[in-house]
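Notes to accompany the following structure.
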Amino acid sequence: MATGFDPSGRLPDFFTNTGTSSFTQFLSQAAPEMLPGRRPLPPGLSGDVAPHGTTIVAIATADGVVMAGDRRATMGNLIASRDIRKVHPADAYSLIGIAGTAGIGIELIRLFQVELEHYEKIEGAMLSLDGKANRLAAMVRGNLGAAMQGLAVVPLFAGFDLSPADPARAGRIFSFDVAGGLYEETGYEAIGSGSLFAKSALKKRYRAGVSTADAITLAVEALYDAADDDTATGGPDVTRKIYPVVMTATANGTQRLSDEEITTVAERVVQGRMENPGG
């Protein structure tokens, strides 16, 4: 039973009083044990007992942003899942991807989606892109205790800014650290165990104002390069037909590439590497 419920069935005051626009803050009053960072953990490190998601990349384009994630989750030296989905829409104009402890990361994504929807219902308006990033940073900060015990989650957030200071840079990307530090990135960013290799690939190929179609190819190539050097990152699996999840956020909203679309791009990248393995 949630904290503070009356056995008679009467709802606690925080259900009937004027509500806060933050669902996370409401949950901290109504049922704090349901927040990812508020659950008691046994002493010691716990990171090896849960699957971990790995590499996510985001690229700013002329039309908005592209975000892509590989499909592998690992548990130590074992593959825990070959087809996990790590990139999701946060709301109508923004995307979120996670690296780190998979279960907590997926829960954080769902909580963040509810947080943004709750704000819109209470306030009757959408949060600014900066406001969304700040809300997410606070949620990451709330998981610091678990992160210190090995259950860290690091998100990557990107979206289309409906009121940009510079209309030519409406696509914006934000990264975070485990303590909730918030950083706006320029052009592209990657997180996860394969991020070093993914960013090295993007560093050579990225150009400001890249088209969405070209950015999708760049993202898949970056994940391919990450998988080539990082065992925790899964590359395109032609045998099982498992390919990266790729999403876009533009003035038309968020959209996930269909299976047919991403298959075409991934197989083109694989064919190119067969002809030129060095890239």
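Bear in mind the structure is a predicted one, so any value in this text is a computation, not a measurement.
- If you check the side chains of Q271 and E267, you find no donor sitting under 3.5 Å from an acceptor.
- The two residues G235 and A227 make their nearest non-hydrogen contact at N-CB, 3.4 Å.
- The only option from L156, T254, V66 that meets the side-chain contact (heavy atoms from CB on, under 4.5 Å) definition with L95 turns out to be T254.
- Of all heavy-atom pairs between A190 and V57, the closest is CB-CG1, 3.8 Å.
- No continuous path of ILVMFWY side-chain contacts below 4.5 Å connects L78 to I84, so the two sit in separate hydrophobic clusters.
- Checking side-chain atoms of T61 against main-chain N and O of D63 turns up a donor-acceptor pair under 3.5 Å.
- Put simply, the side chain of D237 never gets that close to the backbone of K241: no donor and acceptor are under 3.5 Å apart.
- With hydrogens and angles disregarded, no donor-acceptor distance shorter than 3.5 Å links the side chain of D161 to the backbone of A170.
- The main-chain N or O of I104 is never found under 3.5 Å from a side-chain atom of T101 such that the two would form a donor-acceptor pair.
- Checking side-chain atoms of D70 against main-chain N and O of G234 turns up a donor-acceptor pair under 3.5 Å.
- Evaluation of the side chain to side chain contact (heavy atoms under 4.5 Å, CB included) rule for V178 yields A147, A152, V154 as partners, not counting sequence neighbours.
- Looking at Y206, its side chain does come within 3.5 Å of a backbone N or O of A60 through a donor-acceptor pair.
- A single hydrophobic cluster is seen to contain both V265 and V238, as judged by linkage of ILVMFWY side chains at heavy-atom distances under 4.5 Å, directly or through other members.
- With a 6.0 Å radius and a threshold of 12 heavy atoms from other residues, nucleotides or ligands, R256 has its CZ atom above the threshold.
- Counted within 6.0 Å of CD on E117, heavy atoms from surrounding residues, nucleotides or ligands total 12 or fewer; the atom is thus considered open.
- Rounding to the nearest 0.5 angstrom, the gap separating the CD atom in E115 from the CD1 atom in I109 is 14.5 Å.
- Cluster annotation: L218 and V269 are assigned to distinct hydrophobic clusters (Ile/Leu/Val/Met/Phe/Trp/Tyr, side-chain heavy-atom contacts under 4.5 Å, transitive).
- A side-chain donor-acceptor contact under 3.5 Å links N134 to the backbone of D130.
- Defined by atom type and a distance below 3.5 Å, a donor-acceptor pair is missing between the side-chain atoms of Q255 and T248.
- Of the possible polar contacts, one joining the R85 side chain to the V87 backbone as a donor-acceptor pair under 3.5 Å is found.
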Begin from the C-alpha positions of L202 and I59 and carry the test side-chain contact (heavy atoms from CB on, under 4.5 Å) through to its verdict. CA-CA 9 Å; L202 290 172; I59 302 172; 3.7 Å; yes
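- Shortest non-hydrogen contact noted between G105 and I98 is O-CG2, 3.9 Å.
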With salt bridge (Lys or Arg N to Asp or Glu O under 4.0 Å) as the criterion, how do R273 and D225 come out once you've worked through the C-alpha distance, each side chain's angles and the decisive distance to 0.1 Å? CA-CA 10 Å; R273 294 306 174 89; D225 286 335; 2.6 Å; yes
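- Taken to the nearest 0.5 Å, the OG atom of S94 stands 6.0 Å off from the CG atom of L116.
- N143 places no side-chain N or O within donor-acceptor distance of the main-chain N or O of L108, the cut-off being under 3.5 Å.
- Residues G159 and L129 share a closest heavy-atom pair of O-CD2, 3.8 Å.
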Evaluate the side chain to side chain donor-acceptor pair (under 3.5 Å) criterion for residues T217 and R268: first the C-alpha distance (whole Å), next the side-chain angles of each, then the deciding distance (0.1 Å), finally the verdict. CA-CA 9 Å; T217 300; R268 186 171 66 242; 3.2 Å; yes
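- Remark: R135 CZ to L182 CG distance equals 13.5 Å, nearest 0.5 Å.
- With hydrophobic clusters built from ILVMFWY side chains whose heavy atoms lie under 4.5 angstrom apart, L223 does not share a cluster with F197.
- When every heavy atom of A232 is checked against every heavy atom of S193, the shortest pair comes out as CB-OG, 3.5 Å.
- Note on ring orientation: taking the six-membered ring where Trp is involved, the planes of F157 and F112 are perpendicular (angle over 60°, cut-offs 30° and 60°).
- For Y243 and D259, the side-chain atoms include no donor-acceptor pair closer than 3.5 Å.
- Within the 3.5 Å criterion, the main-chain N or O of P89 finds a donor-acceptor partner in the side chain of Q113.
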Could you please spell out the steps behind the salt bridge (Lys or Arg N to Asp or Glu O under 4.0 Å) verdict for D83 and R71? CA-CA 5 Å; D83 60 356; R71 306 295 294 276; 5.2 Å; no
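- Nearest heavy atom pair, residue A62 against residue G209, reads CB-O, 3.6 Å.
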Could you walk me through whether L136 and F176 pass the side-chain contact (heavy atoms from CB on, under 4.5 Å) check? CA-CA 9 Å; L136 183 55; F176 306 80; 3.6 Å; yes
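- Side-chain polar atoms of T55 and K86 form no donor-acceptor pair below 3.5 angstrom.
- In this structure, the separation between CG on D230 and CZ on R72 is 9.0 Å, given to the nearest 0.5 Å.
- Atom CE in M247 sits 12.0 Å away from atom CD1 in I96 (nearest 0.5 Å).
- I56 and I106 end up in different hydrophobic clusters when Ile, Leu, Val, Met, Phe, Trp and Tyr side chains are linked at under 4.5 Å.
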Using side-chain contact (heavy atoms from CB on, under 4.5 Å), reason through K132 and M126 one step at a time and then give a plain yes or no. CA-CA 9 Å; K132 296 172 191 177; M126 184 181 292; 3.5 Å; yes
Go through it in stages, so that I can follow the logic: the residues are L111 and M139, the test is side-chain contact (heavy atoms from CB on, under 4.5 Å), and I'd like the CA-CA distance, side-chain angles, deciding distance and then a yes or no. CA-CA 9 Å; L111 184 60; M139 294 170 64; 3.5 Å; yes
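- Side chains of S211 and D214: a donor-acceptor N/O pair is present below 3.5 angstrom, by distance only.
- Between E261 and S258, the side chains place a donor N or O and an acceptor N or O closer than 3.5 Å (distance only, hydrogens not considered).
- To the nearest 0.5 Å, the span separating CD on E184 from CD on E189 amounts to 11.5 Å.
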